[in-house]
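Following: one structure in structure tokens, then a few remarks.
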Amino acid sequence: MTTPTLKIPEGWEGRAPDGWDWVPLWEAIEQGGHIFTDEFVRGAIDAGINPRVILDDGLFPGFNLQGDRFTEQIIFIPEMLITARAMKAGLALIRPLLAANDEKPLGIFVMGTVLGDMHDIGQSIVTIMLENAGFEITNLGTDVHPDRFIETAMEQKADLVGFSALLSTTVYYQKVTIEEFEKAGHRGKVNILIGGAPTTQEWANEIGADGWGKDAIAAVNLAKDLIAKNREAWA
Amino acid sequence: MSETVNVTFVADDDVRTAVTVATGSHLLDASREAELEVIATCGGRGRCRSCRTKVLRGAVPPPTIMDEVQLGPDEVHEGFRLSCQTRAIADCEIMLAPPTSEGGHKLLGSEGDITGRTGIDLDSGVVKHLVTAKIPTEEHEQTSDIEEILTAIGGDGPGTMAMDLLRDLPEVLRKEKGTVTVTTFNGTIIDIEPGDTTAHKYGLAFDIGTTSIVGSLVDLNTGEQLAAMGDVNPQAVYGGDLMSRLAFAQFSPQSLRKLRSRVVKAVSDQIKEGCDEAGIDPAHVYKVVVVGNTAMHHIFLGIDPTYVGLAPYSPTMRNAIELPSAELLLKVIPRARVCFLPIVAGFVGADTMGAVLATRIDESDEIRVVVDIGTNGEVVMGRRGKLMACSAPAGPALEGAQIRHGMRGAVGAIEKVEIGDDVTCDVIGNAPPIGICGSGLIDAVAKMLDAGVLHPSGRFHLKDRETLPPKLAMRLIAGGTGKGEFVLARADESGKDEDITLTQVDIRQLQLAKGAIYAGVLMLQRIMEVPDDDIAEVQMAGGFGNYINIESAVRIHLLPALPLEKITYVGNAAALGAQMALVSERERNRANDIAREIEHVSLAARPDFQDIFMEALCFPGDENVELLASAQTG
Ligand code: B12
Ligand code: FES
């Protein structure tokens with residue numbers, strides 16, 4: 001294992017006003033200081049820094065560091081969650097500005113826990129991480145019927161759909177939902193990700209999912225990879 | 001009340017020793033103060049009888065459930081008490097009265113006379129009437145065999161009597177010239193035998209668990225337990241844990257048949273074994289009480305459990321039922337009526353009902369909590385008139401599964417850990433350690449937190465290794481994963497040629513498991529608005545709970561931070577509840593009332609669950625808890 005380290009964005013000084021220092025923000029995100037983050041990002045906006053730069057140079061370094069630690073299982077869910085929430089606080093200020101600059105989301109993602117299952121802690125962390133990474137997400141919650149996944153994917157013209165399942169009795173509905181996408185003639189239009197503690201890569205292969213994410217970071221990386229894949233277009 | 005009281009201990013040889021102690025001190029502590037050697041085999045937890053005393057003079061508080069269970073109502077009535085459970089509230093004279101033979105720990109629901117242990121009256125509902133019925137002699141009398149029997153027992157109608165009893169009746173009635181023993185269960189005739197068989201009236205109680213099935217055979221004339229049976233649940237070949245077994249049965253009548261026939265066979269075998277041991281005829285078993293989780297309950301009844309395993313996890317039936325044994329395919333006990341205790345919800349089953357019966361929290365004036373610590377645990381909280389329950393699905397980590405060196409509590413398992421300058425482990429059977437069991441895991445983590453090996457967030461203090469005592473620092477290694485591992489027993493001390501360690505991932509598994517249980521408790525506390533101080537007692541139930549070090553359980557926040565004396569063990573309370581309902585119809589009926597009263601809380605439906613669970617995942621003192629609270633979702 002390589003111990004995750006803070007990756008300092010190259011040449012950040014050139015993109016910030018003279019004397020500007022991102023270190024406090026990197027640390028605030030790392031430690032989950034959402035109030036500090038909010039204030040600091042406001043300050044950065046007021047200082048006229050480009051929102052894209054705030055995101056890449058200010059918010060991501062601390063976020064990615066904790067993400068790497070989470071994947072390596074060095075930090076645990078509560079710590080990942082507070083970092084994700086701090087990140088979210090910053091993003092809430094940045095996102096409208098990015099949109100105004102005509103920045104598009106990385107992709108459209110529809111997420112939910114499959115039929116019969118009420119567990120949503122895992123998938124809500126995946127959702128917040130995807131959101132923070134720049135995806136636009138519709139989260140359908142728990143106990144989601146295949147038809148609802150399909151309808152929402154159609155409505156949103158989704159690029160990706162994610163099915164979470166935590167029970168031995170409900171992983172079956174990951175399979176069923178994929179079959180329903182097939183039957184509806186939409187399978188080729190979306191990339192399907194699955195996850196949840198009892199699932200495995202083998203299961204994903206068996207049921208014909210496009211990817212399996214062992215954790216929220218894997219989910220983000222997979223989503224980023226798969227978005228580049230060619231798909232049939234939504235009508 | 002004065003601040004101190006005088007306790008005078010009287011020994012066998014009449015030697016008297018007096019001490020002054022703070023009012024409210026336990027007698028056991030007072031005896032230690034007096035430098036008397038009182039053996040506390042179970043560590044003062046009310047689980048044995050080694051600290052028995054007799055109150056000769058002065059007032060003491062009423063007996064606790066532990067006094068009643070361990071000593072029985074007769075002894076309690078005579079003034080015997082467990083000194084570890086009894087507080088000194090006034091000046092008193094106490095005789096030390098350790099039992100002359102003490103055969104290890106006596107657990108609840110293990111042996112002896114059930115009515116005695118639980119202080120309930122014998123009223124099983126099974127009555128044997130010895131009567132001499134008139135054998136019809138005159139044609140003009142317009143009567144029949146059964147009418148003569150009904151007249152003799154003073155009954156009014158044959159009720160829903162089994163046809164086969166009538167088929168045998170002509171012979172039975174005439175065999176002993178009209179002398180017959182008629183057995184009724186709550187008024188319904190369930191057996192008619194020639195001659196006098198009133199001495200033979202037996203019952204069975206079963207707890208059908210996912211992993212094991214335990215039963216006991218009880219003499220319904222005396223309340224005495226005649227045999228105790230137990231074995232693994234043979235359904236395990238179709239899935240070790242509950243959910244995989246449900247997945248196996250899902251949408252498959254054929255799989256359900258397989259599961260059902262296995263439980264029927266296991267129960268039948270145990271019945272034969274118990275009856276053989278006690279030397280009784282299984283045909284004299286008249287009443288059976290069964291508890292078990294909802295899935296086991298449904299499968300035994302042949303009801304498709306598919307929907308128990310899928311949201312909203314609703315059972316097919318919740319009410320208590322009573323059936324002839326033939327409905328359950330229990331051919332060995334042809335005359336028995338089988339009673340199932342009611343169910344509260346899909347994952348708060350008849351086993352939980354048994355535990356509530358046994359612990360009587362429904363009769364408590366103060367708030368009590370029953371926690372069943374297991375893969376699919378439950379929490380029940382409340383008092384008379386207000387009870388709430390939820391499922392707390394810990395997963396198997398607390399039973400030693402999904403832990404790198406985890407194992408069940410068997411010989412070779414580390415069950416206790418001490419950490420000072422170095423680590424010492426207690427191993428079951430004093431063997432070289434080959435793994436660690438759930439109670440060892442809880443203990444180890446508690447001590448690792450104290451020693452600073454673990455941060456309250458659950459992370460190993462790898463970076464600050466140098467600040468640890470040198471021997472501990474050497475045990476804290478990067479390990480194969482590089483994330484940190486703590487060596488409990490080195491390869492040369494262990495029984496399996498490799499270090500017995502706890503890994504970072506093991507700690508996370510423990511956090512998820514203890515977090516699920518603690519979150520269940522926290523949630524019910526929040527809904528019922530019960531601060532820690534208002535909880536009079538937490539009772540740990542389930543076979544495994546008994547071995548947990550209470551102090552460590554509190555240290556890691558598996559249980560709320562209450563004074564340790566407020567936390568007790570109740571053993572296999574579900575099985576005890578079944579036995580109580582077996583010997584007492586009043587108790588069985590009480591279960592129905594309780595089931596109606598308990599409010600089930602679906603944690604999944606609570607939007608605040610995630611925040612509570614995150615808090616519960618942490619160990620005490622983790623500053624992340626505050627950050628979590630201030631940055632709630634949304
Ligand atoms: C919290 C919890 C609950 C909570 C759920 C609350 C909620 N809103 O989600 C509550 C208490 C409600 C609950 C209920 C039940 N639970 Co539960 N629960 C758990 C517990 C303790 C932790 C699960 C969890 O949240 N983990 C943390 C998250 C972060 O991990 P995760 O979900 O795996 O997610 C990560 C990855 O898998 C991945 N991921 C997740 N989804 C997705 C999706 C995609 C697309 C991708 C790419 C990745 C991905 O990313 C996540 C973050 O890194 C586990 C036991 C344990 N020790 O793990 C049992 C467990 C999951 N529950 C279990 C069961 C059976 C139940 C019940 C059905 C029955 C019961 N015994 O109570 C009930 C339902 C009853 C009811 N009426 O609600 C079982 C499942 C067993 C099995 N093999 O099927 C477990 C394992 C416990 C056990 N008994 O063994 N549960
Ligand atoms: S010490 Fe065991 S009961 Fe008191």
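Quick note on labels: first sequence line is chain A, next is B, and so on, each numbered from 1.
Judged purely by atom type and a 3.5 angstrom limit, B/Arg262 uses its side chain to pair as donor or acceptor with the backbone of B/Pro234. With hydrogens and angles disregarded, no donor-acceptor distance shorter than 3.5 Å links the side chain of A/Arg148 to the backbone of A/Glu151. A/Gln174 contributes a side-chain N or O that, together with a main-chain N or O of A/Gly195, makes up a donor-acceptor pair within less than 3.5 Å. Side-chain N or O atoms of B/Arg459 include none that pairs as donor or acceptor with a backbone N or O of A/Ile75 at under 3.5 Å. Checking side-chain atoms of B/Lys514 against main-chain N and O of B/Ala616 turns up a donor-acceptor pair under 3.5 Å. Panel note: side chain B/Gln235, backbone B/Leu259; a donor-acceptor pair is recorded below 3.5 Å. Remark: the backbone N or O of A/Pro61 is not paired with any side-chain donor or acceptor of A/Lys7 at under 3.5 angstrom.
Heavy-atom distances place no part of A/Thr142 under 4.5 Å from chain B, backbone and side chain included. There is no contact between B/Phe460 and chain A, counting heavy-atom distances below 4.5 Å. Of the two parts of B/Phe248, neither the backbone nor the side chain holds a non-hydrogen atom closer than 4.5 Å to a non-hydrogen atom of chain A. Contacts of B/Tyr307 with chain A are absent, with no heavy-atom separation under 4.5 Å from either backbone or side chain. Looking at A/Ile128, there are no atoms closer than 4.5 Å to chain B (heavy atoms on both sides), in backbone or side chain.
Of the N and O atoms on the side chains of A/Gln123 and A/Ser164, not one donor lies less than 3.5 Å from an acceptor on the other residue. Neither side chain, A/Thr71 nor A/Asp68, offers a donor N or O lying under 3.5 Å from an acceptor on the other.
Residues of residues 505-512 of chain B lying within less than 4.5 angstrom of chain A, judged on heavy atoms, are B/Val505, B/Arg508, B/Gln511, B/Leu512 in numerical order. Using a 4.5 Å cut-off between non-hydrogen atoms, no part of residues 293-302 of chain B approaches chain A.
A salt bridge does not link B/Arg475 to B/Glu485: none of the charged nitrogens lies less than 4.0 Å from a carboxylate oxygen. Taking the charged nitrogens against the carboxylate oxygens, A/Asp38 and A/Arg85 have no contact shorter than 4.0 Å, which rules out a salt bridge.
A distance below 6.0 Å separates the ring centres of B/His557 and B/Tyr518.
In terms of heavy-atom pairs under 4.5 angstrom with chain B, the leader among A/Ile77, A/Thr170, A/Leu115 is A/Ile77.
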